[in-house]
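See structure below.
Note that these values count all heavy atoms, side chains included, but never hydrogens, waters or copies made by symmetry. Heads up: numbering here begins at 1 and tracks the sequence.
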Amino acid sequence: MQGWPRLWLALCGAPPLILLLGRLLPPEGPGLALRLAGAATCVLVLPGAFVVRALGAPRSVSVALAGALAWSLALLFAVFALVFAVSGTLGLAVGLLGGTMLASFGLSLRAAAPALDRGETRAVFALLVAGAALAGALWWATGTIGGSLGPSVSDALFHLARVRKLDEGGSLDSIAVVNEISGSEIHPGYAFPLWHGGLALVARLAGVDPTLVVLYLPAILAPLAALLAYAAGTALFRSWAGGIAAAACQLALFAFAREGTGWLQFLAQPGGAARLLLIPGLLALVFAYVAEGGLPVLGAAAAAAFALAVVHPTYVVFVALPLCGFLLARAILSDGADTRLLLAGLGAVVVPAGLFFAWLVQFLGDTGHRPPVRFTQQVEEIGTGLQLRPEQMAWGGGVKVAAFVAVPLALLASGRRWAAYVLGGTAALAVTALVPPVFERFADAVSLSQAVRLASFLPLPFALAGAAALAGRARALGAASALAAGIGFELAYRHPMTGAAWAVWLAALAATGGLALFVALRPFSLDESGRWTAFAAAAFTLPVAVTGFAGYERWNKPDPYGLTPGLIRALDEDIRPLATVLAPSVTSYRIAGYAPVRIVVAPAGHVAFNTEGDYRERLRAARLFFLEPSTTPAQRAAILRRYDVGWVVVDKTRGRPSLPPGLKLEYGDERYSLYRVGREEQA
């Protein structure tokens with residue numbers, strides 16, 4: 001299809017129209033879905049789509065979509081940087097984004113439209129249909145935050161608190177405005193609130209509370225996740241069938257194997273968005289540049305790497321490692337034709353991320369050595385050193401074991417780019433994870449809490465997709481074999497904790513040993529992937545999906561520590577933004593999520609504290625104030641002064657402390673009481 005200017009104009013006009021239609025409907029059900037879909041597209045896709053078109057869109061629609069997400073986030077970074085510099089508001093950010101969109105839209109109209117491949121167009125349409133079904137499943141399953149997503153499962157309320165401060169906090173005079181703890185320093189993991197700012201813009205454009213964005217946006221983003229996984233696959237395998245296989249295997253590993261939807265429920269959080277949106281998009285752009293070249297694609301890859309570094313800094317390191325392995329493997333397994341392009345692609349990842357890290361280093365404090373006892377399930381001692389536990393790396397059920405077993409099969413297609421990425425990426429991450437001196441130095445650089453996540457970044461979806469490509473050569477027999485393999489692995493490893501350390505070592509030794517001994521091997525010549533590759537991948541994925549959705553349920557359990565509607569209303573109406581509230585830690589965690597205020601303490605694992613000592617002192621202060629009957633009113637008053645507390649919330653189910661004089665009751669119900677701290681208590 002050549003040209004398609006009318007289609008382009010229709011695609012540009014659809015998101016604002018969808019948003020407008022949604023704003024005419026109540027913010028629930030279909031109205032909420034339309035609002036979130038329109039607003040998310042206007043914030044996360046449309047601005048960058050104009051830039052991609054103006055610079056010269058790649059032939060692949062899915063790769064162009066990856067570029068659109070990358071440039072959209074780069075523009076959002078510039079918008080929020082300016083807003084923070086001039087102490088503006090979220091309304092100014094909306095205006096700046098709109099002006100940028102209009103300017104880039106004008107430039108995009110002057111650019112020539114690329115030709116579209118009909119096979120890929122059909123594949124993208126099929127993925128959109130499958131993604132819509134996933135979106136429906138996620139939407140139906142979503143119920144509450146506190147009961148289903150926190151505090152023991154995720155940091156949903158932690159991120160909601162940051163989004164709410166950007167949306168309702170008034171003047172955004174610095175990046176510290178999103179801090180949830182009074183007197184805390186900048187959290188280096190989320191120093192610049194790029195993703196949180198994007199969610200705040202979605203909430204503002206959609207005209208809904210940020211809580212609804214955190215709850216329901218994952219369903220809206222699920223089709224985008226499928227398309228970006230497809231983009232990475234089609235760019236690496238150079239076929240639409242390879243893209244379908246990669247998308248199916250990505251979903252099998254990260255969604256279907258984990259109660260049907262798995263990681264997809266975290267798409268509104270920076271970690272989930274980085275893992276399932278930004279990383280596949282970045283890989284798609286790097287692979288497309290290696291295959292076809294072109295400065296526009298390289299520029300989009302640089303924008304994607306910068307966005308990933310800002311949203312989740314350590315994850316860009318986890319991506320760079322397998323890309324370095326890819327470069328080494330490609331140099332060994334081929335004639336070196338891709339070396340220059342791979343070096344440029346790797347530079348597009350490292351240089352923008354390095355620039356952001358140079359700015360970020362000012363927020364990196366010395367928090368001291370973290371004892372490995374916190375991570376005994378993930379790491380083990382080998383002599384005097386540490387390594388990741390191989391059996392923990394194989395956590396994820398039968399599909400995870402099958403993926404490790406598929407890695408050695410890449411040796412049969414060693415002349416292909418996908419095989420080089422699977423072997424080189426696996427070798428690089430396996431050496432980092434399983435060689436104690438290397439792992440310890442890596443953990444010192446990125447922190448042990450981040451280093452234990454290495455296994456999630458192994459190129460296993462592409463290993464499974466490559467195995468599907470090999471099976472596809474046998475056509476129907478290969479698809480049947482893939483189905484049998486899917487059933488067999490699911491029956492053999494039904495529990496997520498597979499204990500299959502042997503599979504990890506098999507993959508690690510095959511990748512490293514295969515590359516080392518390749519000069520003595522003869523590459524296997526593989527024809528281009530055809531439709532049977534997609535059939536084989538779908539056949540393998542089917543048993544995984546059936547097993548995963550067998551335990552599918554709605555996440556609507558009541559929150560045992562939930563705030564009452566009356567208290568939420570009082571917090572919103574009576575307390576000025578960014579005032580400090582003292583409450584028990586589990587109550588504080590929810591207060592920060594539902595009101596744009598700061599708190600003194602939150603549960604461990606859901607708080608950005610300055611130091612371990614400071615956090616322990618805050619926990620002790622909250623316990624003395626609320627739970628120790630022997631604490632005197634004078635001691636409680638001292639705690640209020642120490643943390644500059646303006647408000648106190650008492651959970652009467654956890655005790656009724658003797659409060660110091662000067663506190664005025666502003667709200668009360670059967671469970672909670674809200675007190676204003678008098679000036680004499682703050683003096």
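Checked against a 6.0 Å centroid threshold, the rings of F80 and F192 do not count as neighbours. With ring centers used as reference points, F442 lies under 6.0 Å from F318.
No donor-acceptor pair under 3.5 Å is formed between the side chain of E666 and the backbone N or O of R676. Between the side chain of K165 and the backbone N or O of V597 there is at least one donor-acceptor pair closer than 3.5 Å. The main-chain N or O of A602 is never found under 3.5 Å from a side-chain atom of S585 such that the two would form a donor-acceptor pair. Panel note: side chain S72, backbone L44; a donor-acceptor pair is recorded below 3.5 Å. Using modelled atom types, no side-chain atom of T432 and backbone atom of F439 make a donor-acceptor pair closer than 3.5 Å. One N or O on the side chain of W195 and one on the backbone of A268 form a donor-acceptor pair closer than 3.5 Å. In this structure, Q635 contributes its side chain and T632 its backbone to a donor-acceptor pair below 3.5 Å.
Taking the side chain as every heavy atom from C-beta outward, L166 and P193 approach each other to under 4.5 Å. T587 places a side-chain heavy atom less than 4.5 Å from the side chain of P584. Using a 4.5 Å heavy-atom cutoff, the side chains of L90 and L201 are in contact. With a 4.5 Å cut-off on side-chain heavy atoms, R204 and V94 count as touching. Side chains of L228 and L224 form a contact here, defined as non-hydrogen atoms less than 4.5 Å apart. Within the 4.5 Å cutoff, no side-chain heavy atoms of W647 are placed close to those of L640. By the 4.5 Å heavy-atom criterion applied to side chains, V83 and T89 are not counted as neighbours. A 4.5 Å side-chain heavy-atom check between V581 and V648 finds every atom pair outside the cut-off.
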**Request:** Quick one: do F363 and H187 satisfy ring pair (Phe, Tyr, Trp, His ring centres under 6.0 Å)? Show the steps, please.
**Result:** CA-CA 7 Å; F363 305 115; H187 188 325; over 10 Å; no

**Item:** Check against side-chain contact (heavy atoms from CB on, under 4.5 Å), H159 and H196
**Value:** CA-CA 7 Å; H159 297 296; H196 299 122; 2.9 Å; yes

**Asked** After noting the C-alpha distance and the side-chain angles of Y667 and L567, does the key distance pass the side-chain contact (heavy atoms from CB on, under 4.5 Å) rule?
**Response** CA-CA 7 Å; Y667 169 81; L567 177 61; 3.9 Å; yes

**Request:** Go through the steps to decide whether V317 and F357 satisfy the test side-chain contact (heavy atoms from CB on, under 4.5 Å), and finish with yes or no.
**Result:** CA-CA 11 Å; V317 180; F357 289 157; 4.2 Å; yes

**Request:** I would like to know whether Y675 and L582 meet side-chain contact (heavy atoms from CB on, under 4.5 Å); could you show each step before the answer?
**Result:** CA-CA 10 Å; Y675 294 89; L582 175 65; over 6 Å; no

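Screening R671, R656, R590 for a salt bridge (charged side-chain N to carboxylate O under 4.0 Å, His left out) with D651, the sole residue that qualifies is R671.
Note on E628 versus R636: no salt bridge recorded, every NZ/NE/NH1/NH2 to OD/OE distance being 4.0 Å or above. R162 has a carboxylate O that lies under 4.0 Å from a charged side-chain N of E180, or vice versa, which qualifies the two as a salt bridge. Looking at D574 and R569, no side-chain N of the basic residue comes within less than 4.0 Å of a carboxylate O on the acidic one, giving no salt bridge.
Pairing each heavy atom of A583 with each of I591, the nearest pair is CB-CD1, 3.8 Å. Here the shortest heavy-atom pairing between A621 and Y643 reads CB-CE1, 3.9 Å. P188 approaches L360 most closely through the heavy-atom pair O-CD1, 3.4 Å. The shortest non-hydrogen separation linking P352 to G347 is CD-O, 3.7 Å. Of all heavy-atom pairs spanning A156 and Y589, the tightest one is N-OH, 4.0 Å. Of all heavy-atom pairs spanning R598 and N179, the tightest one is NE-O, 2.9 Å.
Distance check, rounded to the nearest 0.5 Å: CG of L663 to OG of S673 gives 11.0 Å. A distance of 8.5 Å separates OG of S182 from CD1 of I599, quoted to the nearest 0.5 Å.
Side chains of T211 and R164: a donor on one and an acceptor on the other come within 3.5 Å. For the 3.5 Å distance criterion, the side chains of D669 and T564 qualify, holding a donor opposite an acceptor. In this model, no donor atom of one side chain and acceptor atom of the other lie less than 3.5 Å apart for D173 and S171.
Ring pair F306/F356 is perpendicular by interplanar angle, where above 60° counts as perpendicular and below 30° as parallel.
Shown here is R642, whose CZ atom has more than 12 heavy atoms of other residues, nucleotides or ligands within 6.0 Å.
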